[in-house]
Amino acid sequence: MWRLAVVHLLANAVLLGCGYYWLGIGESRSSALAVSALIGLLLVALACSTYGATFAFFSAAERKQVSTAWKIAARNVLPMATAAFGIAVLYWLLAMWQDYSSDPAFTLASYFTLTFRKPVTPAAVLKVFDWALWLLRWAVLPVLLLPMLAAISTDGWRGFGAIGARARKWWYWLAAPLLLLGVAWIPLKVLGWTPRSGNFAMEVVSFLLRATLAYLLFGAAWLALAFATSAGKPRFTQSNTVVSP
């Protein structure tokens, strides 16, 4: 387990470094644009292998060495990248809906005001929309999609059939959103918190400590989420019956 944690943190450090380098590549020439595209594809492949390997490692059917889990995830990079692209498009559409939702919020507020004869403000309706969208982003979709990603990491294209495989587990509806907050929201809050200090050296030390803590929180929360998603069950796409010899 500790080997997986070390390799995962190192791989994420490589991803961050390569991503920072990739963002700084100029695209004024066709050759630079081609290099940028190639590095972008390599980053996607490395990210899919890194996070797929955590799912594969904790899978009951594939609980082996870290190198073995990484090889399994690497074999399924293409379906994992396809799933990641589809999820990215889905969340982009949700972001577009959030920008658009002010218009239907105003329409619904007017309708409720006329129907119930009580004033309903568009801000109140928009707040309900925001809460529903938050639940969809951080609870409903992760509970449905994370088991699918875990199955894809070990079973490839067949893993798409595992969508919602843990939806019947009540505890997973609590664990997945809480751990996702530990993956994204809490580390960003720790990193963004700036204590008041008139000493520049202390501010630098504070930033380094907060960045290290945020990075460790992110890694620990993701590994816990991968364990909660993958451990304790056979492959999601495995048949329920076993052929007798």
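Side chain of Thr107 to backbone of Asp103: a donor-acceptor contact under 3.5 angstrom is found.
For Phe55 against Ala226, the heavy-atom pair with the smallest separation is CE2-CA, 3.9 Å. Shown here for Pro79 and Gly156, the closest heavy-atom pair between the two residues is CG-CA, 3.9 Å. Between Tyr172 and Pro177, the closest heavy-atom pair is O-CD, 3.9 Å. Listed here is the closest heavy atom pair of Pro187 and Leu181: CD-O, 3.9 Å. Taking all atoms of both residues into account, the shortest heavy-atom contact from Met80 to Cys48 is CG-CB, 3.7 Å. Across all non-hydrogen atoms, the minimal contact from Ala56 to Ser153 is N-OG, 3.8 Å.
Legend: side chain to side chain donor-acceptor pair (under 3.5 Å) pairs involving residues 205-214, not counting sequence neighbours, sorted by first then second residue: Ser206-Arg210. Annotation: side chain to side chain donor-acceptor pair (under 3.5 Å) contacts involving residues 173-190, sequence neighbours excluded, are absent.
If you take CD1 on Ile72 and OG on Ser59, they are separated by 8.0 Å, rounding to the nearest 0.5 Å. Between Leu126 atom CG and Asp130 atom CG the span is 4.5 Å, to the nearest 0.5 Å. Put simply, CD1 on Ile186 and CG on Leu213 are 10.5 Å apart, with the number rounded to the nearest 0.5 Å. Note that the CG atom of Leu209 and the CE atom of Met202 stand 8.5 Å from one another [nearest 0.5 Å]. Between Arg75 atom CZ and Thr154 atom OG1 the span is 10.0 Å, to the nearest 0.5 Å.
By the ring-ring contact (aromatic ring centres under 6.0 Å, His included) test, Tyr20 pairs with no residue at all, sequence neighbours left out. For the side-chain contact (heavy atoms from CB on, under 4.5 Å) test, residues two or more places apart in sequence or in another chain that qualify with Val6 are Trp2, Leu10. Residues passing the side-chain contact (heavy atoms from CB on, under 4.5 Å) test with Ala84: none are found, sequence neighbours excluded. Applying the side-chain contact (heavy atoms from CB on, under 4.5 Å) criterion to Leu108, with sequence neighbours excluded, gives Phe112, Val125, Phe129. Residues satisfying the ring-ring contact (aromatic ring centres under 6.0 Å, His included) criterion with Trp157, sequence neighbours excluded, are Phe160.
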Please list every donor-acceptor pair under 3.5 Å in which a side-chain atom of residues 214-223 meets a protein atom from a residue at least two apart or in another chain.
residue, atom, partner, partner atom, Å
Tyr215, OH, Leu9, O, 2.3
Tyr215, OH, Ala13, N, 3.0
Trp222, NE1, Thr54, OG1, 3.0

Scan the side chains in residues 132-140 for donor-acceptor partners under 3.5 Å anywhere in the protein, sequence neighbours excluded, and list what turns up.
residue, atom, partner, partner atom, Å
Arg137, NH1, Gln98, OE1, 3.4
Arg137, NH2, Gln98, OE1, 3.3

* Take Trp70 and Thr50 through the test side-chain contact (heavy atoms from CB on, under 4.5 Å) and record every step on the way to the result. => CA-CA 7 Å; Trp70 202 286; Thr50 298; 3.6 Å; yes
* Decide yes or no on side-chain contact (heavy atoms from CB on, under 4.5 Å) for Lys118 and Thr113, but give the supporting numbers first. => CA-CA 5 Å; Lys118 292 183 179 180; Thr113 299; over 6 Å; no
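Residues Val205 and Val190 do not share a hydrophobic cluster, defined by chaining ILVMFWY side chains whose heavy atoms lie under 4.5 Å apart. Cluster membership for Tyr100 and Leu94, using ILVMFWY side-chain heavy atoms within less than 4.5 angstrom, is shared. Hydrophobic clustering, with ILVMFWY side chains joined whenever heavy atoms are under 4.5 angstrom apart, groups Trp171 together with Phe227. Hydrophobic clustering (side-chain heavy atoms under 4.5 Å, transitive across Ile, Leu, Val, Met, Phe, Trp, Tyr) keeps Tyr21 apart from Leu42. Cluster membership check: Leu146 shares its hydrophobic cluster with Leu141, using side-chain heavy-atom separations under 4.5 Å among Ile, Leu, Val, Met, Phe, Trp and Tyr.
For the pair Phe57/Ser230, no side-chain contact is recorded, criterion being any heavy-atom separation below 4.5 Å from C-beta on. Residues Leu15 and Tyr51 meet the side-chain proximity criterion, which asks for heavy atoms closer than 4.5 Å.
Clustering of Ile, Leu, Val, Met, Phe, Trp and Tyr side chains at separations under 4.5 Å places Phe85 together with Val89, Trp92, Leu93, Met96.
Of the residues Ile87, Ile163, Thr229, the one that meets the side-chain contact (heavy atoms from CB on, under 4.5 Å) test with Leu149 is Ile87.
In the displayed structure, Trp170 atom CH2 is contacted under 6.0 Å by at most 12 heavy atoms of other residues, nucleotides or ligands.
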